[in-house]
Amino acid sequence: MYAKVIVDVPAKDTNRAFDYIIPPSLEPWVEVGSRVGVPFGSRVIQGFVVELRESSDYELHKMREIKHVLDPIPPLNGELVELSRWMSRKYACHEITALQAMIPGALKAKYERKIIVSGPKAQPPVEDDREREIIDYILSKESLSMEQLLRRFPADGPLLKEMLIRGRLAEEQEIKDRLSKKTVLTVFPPENPQLLEACLAQLPENAKRQRQLIEHLQTNPEPVKLADLSKRQGISSSAVKALADKGWIALREVEVFRDPYENRVFERTTSLQLTDEQQAIYDEIAASLRMRTHQVFLLHGVTGSGKTEVYLQAIEVCLNQGREAIVLVPEISLTPQMVERFKSRFGDWVAVLHSRLSHGERYDEWRKIQMGKVKVAIGARSAVFAPFSNLGLLIVDEEHEASYKQEENPKYHAGEVAVARGRQSRAVILLGSATPSLESYHRTQTGEYKLLKMPSRVQGRPLPAVQVIDMREELKAGNRSMFSRALHQAIEDRLQKQEQMVLLLNRRGYSTFVMCRSCGYVAGCPHCEISLTYHHNSRTMRCHYCGYAERELNSCPSCKSAHIRFFGAGTQRVEEELVRLFPGIRVIRMDVDTTNQKGAHEKWLQLFRSRQADVLLGTQMVAKGLDFPYVTLVGVIAADTVLNLPDFRSAEKTFQLLTQVAGRAGRHHLPGEVVIQSYTPEHYSIQCASMHDYSRFVAQELKLREAREYPPFWKLILVTLSHGQIPLLVRAGETLADEIRQQWRRLSRHATDAGGDGRLEVLGPVASPISRIKDRYRFQCMIKYRGDVAISGIMDGALSRLEDTVSKEKLQISVDVDPQMMM
DNA sequence: AGCACGCCGACT
DNA sequence: GTCGGCGTGCTC
């Protein structure tokens with residue numbers, strides 16, 4: 001048998017499968033999706049089996065054997081391997097990069113080289129004292145690298161080298177997982193229960209605890225954790241060990257899954273009665289599931305319309321069919337509340353993949369999926385790769401969220417991947433949002449997706465009334481405060497009624513830069529064209545691109561003024577102002593400063609939930625998915641900050657944010673009110689959001705996008721080139737742009753003959769918005785195209801023209817298909 | 001990505 | 001004459 005293997009070398013000329021012989025001893029273990037160790041050149045590296053074959057077209061004598069199979073159960077399956085191939089084409093990444101993205105970090109290969117003593121031990125060759133000392137040292141250590149050895153014997157470089165050449169020492173390479181399997185000591189009763197009787201007879205009178213244990217095992221013949229025995233029965237480990245030593249019982253390490261929710265009790269819930277609206281939608285999804293065909297639904301449900309209950313019941317249909325389900329949620333809304341709803345309904349059938357979990361916990365949750373112990377996976381972006389083999393339903397909640405796009409390689413969009421995976425495994429895809437992305441909405445118009453609508457809130461609760469305040473008028477009226485008169489009054493009113501409010505400060509770009517108020521100097525990174533970020537706890541300024549750090553400044557390096565300070569997200573200023581205007585007000589401020597610590601986010605929210613604060617003040621993070629019954633006022637301090645960003649999606653983002661945050665108000669029995677402050681209140685994104693009018697917004701925005709030749713009508717690919725020298729970059733950028741145009745002309749000639757209607761444009765090269773990172777300058781080309789364009793052929797052709805510069809000059813090229821961030 | 005192989009300059 | 005610099009090419 002032969003295997004085609006994608007090896008762990010992310011480079012252009014290794015981006016293909018290599019053939020290996022499967023030795024008979026490994027045959028039962030090697031499957032498509034197996035992770036294997038294979039000899040490659042002069043080393044052994046990790047790879048993934050992507051195909052099994054009876055014969056091979058590669059020359060037999062050149063072929064080598066698979067060395068190891070790294071996991072007893074393959075971490076991937078045929079379906080995921082196929083998906084990785086799709087990803088590598090769609091996102092122009094190496095196949096191995098896509099495969100690696102599918103497995104948990106704990107399984108990412110770690111190559112370790114260690115020095116071992118080799119050669120015949122029985123007849124030691126000539127050894128002097130020095131050599132003996134070195135060998136003894138190596139033997140005394142578990143594992144040792146050459147670097148460590150040289151550090152210990154700095155003067156013996158030549159001797160060590162000689163020993164390596166002579167073969168007394170050898171270097172061995174190991175593929176190691178970064179994982180630890182957690183085990184617990186477990187007591188096993190004997191197979192034959194009668195032995196317990198015999199044991200009791202032999203135990204001395206004073207062995208009270210041992211006797212107790214045996215009696216316990218007689219009534220409970222299941223294996224039991226040592227820790228439980230001491231905790232619940234008061235039987236100490238020494239008593240257990242004594243029995244084990246005598247051989248009556250067995251004591252073994254047993255692998256356990258770390259359960260991050262193990263100390264939580266989830267009250268079981270059952271399906272709620274659906275509203276007519278929910279029911280109609282549920283029926284449609286259920287019908288599609290029962291037909292077992294692929295279908296993508298876009299569920300447009302206003303905030304508070306009860307989308308989650310529809311999800312839960314759809315999953316139930318799927319599980320009853322014996323199929324599995326994945327739920328993707330944006331990281332930020334993967335709150336305890338959300339997890340609780342799923343845990344409560346499906347209990348132990350749910351695995352939660354959360355970035356806040358430790359490496360080990362995450363790995364364990366993933367293993368539950370891999371081993372078929374759970375049927376539902378809920379998690380952020382990467383949960384789309386949950387290794388189920390009989391997937392029936394894939395839900396993408398808040399599908400418009402930008403966090404579904406991974407900004408590192410592979411630069412995939414989890415929603416797009418979900419659709420591709422669903423197509424492959426004939427699963428139903430359910431995209432849900434109160435503010436669907438223009439891309440998805442557009443596809444409902446072209447017939448690719450089916451639109452489902454839930455326009456009303458459950459129990460007939462009204463959407464909150466929204467007031468848009470023109471801040472220019474406030475200024476004219478002499479109000480120079482950051483709170484309009486309307487918002488001021490609304491806050492006062494809530495304080496009096498002891499109701500709660502959420503205040504959103506929609507801030508621009510990145511936070512906390514350091515600026516001189518006298519001359520406008522901004523502290524920047526000397527290696528990157530970006531301002532430094534102020535870190536409160538360490539009193540340093542850091543670059544979040546390259547890690548450069550320096551101490552906080554006391555005076556301006558440019559004008560020597562002492563009026564230099566950091567400009568926070570502004571939430572601090574708002575907080576100060578609130579406290580000044582409303583003495584005694586209790587404010588919880590949530591921003592990067594206050595939520596950096598693990599668990600802080602949840603802690604603050606819990607505090608707010610228990611009504612120990614009046615105001616929840618924060619940035620974007622307060623807008624998403626939160627649900628507090630006593631929140632009756634939502635205030636947006638400045639709605640237009642995102643609007644002014646140089647990004648074609650800024651109107652869409654503004655509309656989404658305002659709609660989402662407005663949805664936080666009045667979700668329960670108390671009616672809600674929303675106050676939006678703006679300097680451009682006439683803007684359609686603000687107007688439409690204030691009237692809860694999604695249809696009008698998309699209609700207008702789609703018209704604009706088409707006119708301006710932007711997505712969803714045109715597709716974008718952003719190619720960023722980086723290098724230390726600007727002239728080389730400009731040259732390379734121009735080559736790239738020319739080459740793309742040429743390739744396009746060449747290919748479109750045929751396409752036009754065949755009736756193709758494609759169009760393509762290349763913009764640039766221009767300097768990237770962040771024009772330098774780690775002393776490398778950055779230039780970019782934007783490729784825009786629509787219709788019938790063989791884009792991957794064009795890109796491949798153009799990029800291969802730059803290959804020489806990449807390898808010789810270390811030019812770096814990054815390709816971002818469907819980029820989210822324009823800046 | 002690594003690593004071997006190979007062809008040129010600075011030394012024991 | 002050898003050691004070692006890194007440019008080039010290959011890995012089933």
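Lettering follows sequence order; numbering is per chain, from 1.
For A:I45 and B:dG2, the CD1 to C1' distance is 9 Å, given to the nearest whole Å. In this entry the distance linking CD1 of A:I6 with P of B:dA1 reads 17 Å, nearest Å. Between the P atom of B:dA1 and the CZ atom of A:F18 lies a distance of 14 Å, rounded to the nearest Å.
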Polar pairs (N or O, both sides) under 3.5 Å between protein and nucleotides 5-8 of chain B?
none

Side-chain donor-acceptor pairs of residues 80-90 of chain A under 3.5 Å, sequence neighbours excluded:
residue : atom : partner : partner atom : Å
A:S84   : OG   : A:V81   : O            : 2.7
A:S88   : OG   : A:R85   : O            : 2.9
A:K90   : NZ   : A:D818  : OD2          : 3.3

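At the heavy-atom level, A:Y58 lies under 4.0 Å from base atoms of the strands shown. Residue contacts for A:T14: at a heavy-atom cut-off of 4.0 Å it reaches a base atom on one of the strands shown. If you check every strand for non-hydrogen atoms under 4.0 Å, A:K808 touches sugar and phosphate atoms only.
A:K774 meets the side-chain contact (heavy atoms from CB on, under 4.5 Å) test with A:C546; sequence neighbours excluded. A:R741 is linked by a side-chain contact (heavy atoms from CB on, under 4.5 Å) to A:A737, A:D738, A:R745, A:V762, counting only residues two or more places apart in sequence or in another chain. For A:E734, there are no salt bridge (charged side-chain N to carboxylate O under 4.0 Å, His left out) partners at least two apart in sequence or on another chain. For A:S56, the side-chain contact (heavy atoms from CB on, under 4.5 Å) partners two or more places apart in sequence, or in a different chain, are A:Y2, A:D19, A:Y58, A:M63. Listed by chain and number, the residues in a side chain to side chain donor-acceptor pair (under 3.5 Å) with A:Q743 are A:R746 (sequence neighbours excluded).
For residues 5-42 of chain A, the pairs satisfying ring-ring contact (aromatic ring centres under 6.0 Å, His included) are A:F18-A:F40, with sequence neighbours left out.
The aromatic rings of A:Y91 and A:Y412 sit perpendicular, their planes meeting at an angle over 60°, well past the 30° parallel limit.
Note that the first and last nucleotides of DNA chain C, 5' to 3', having any atom under 4.0 angstrom from a heavy atom of chain A are C:dT8 to C:dC12.
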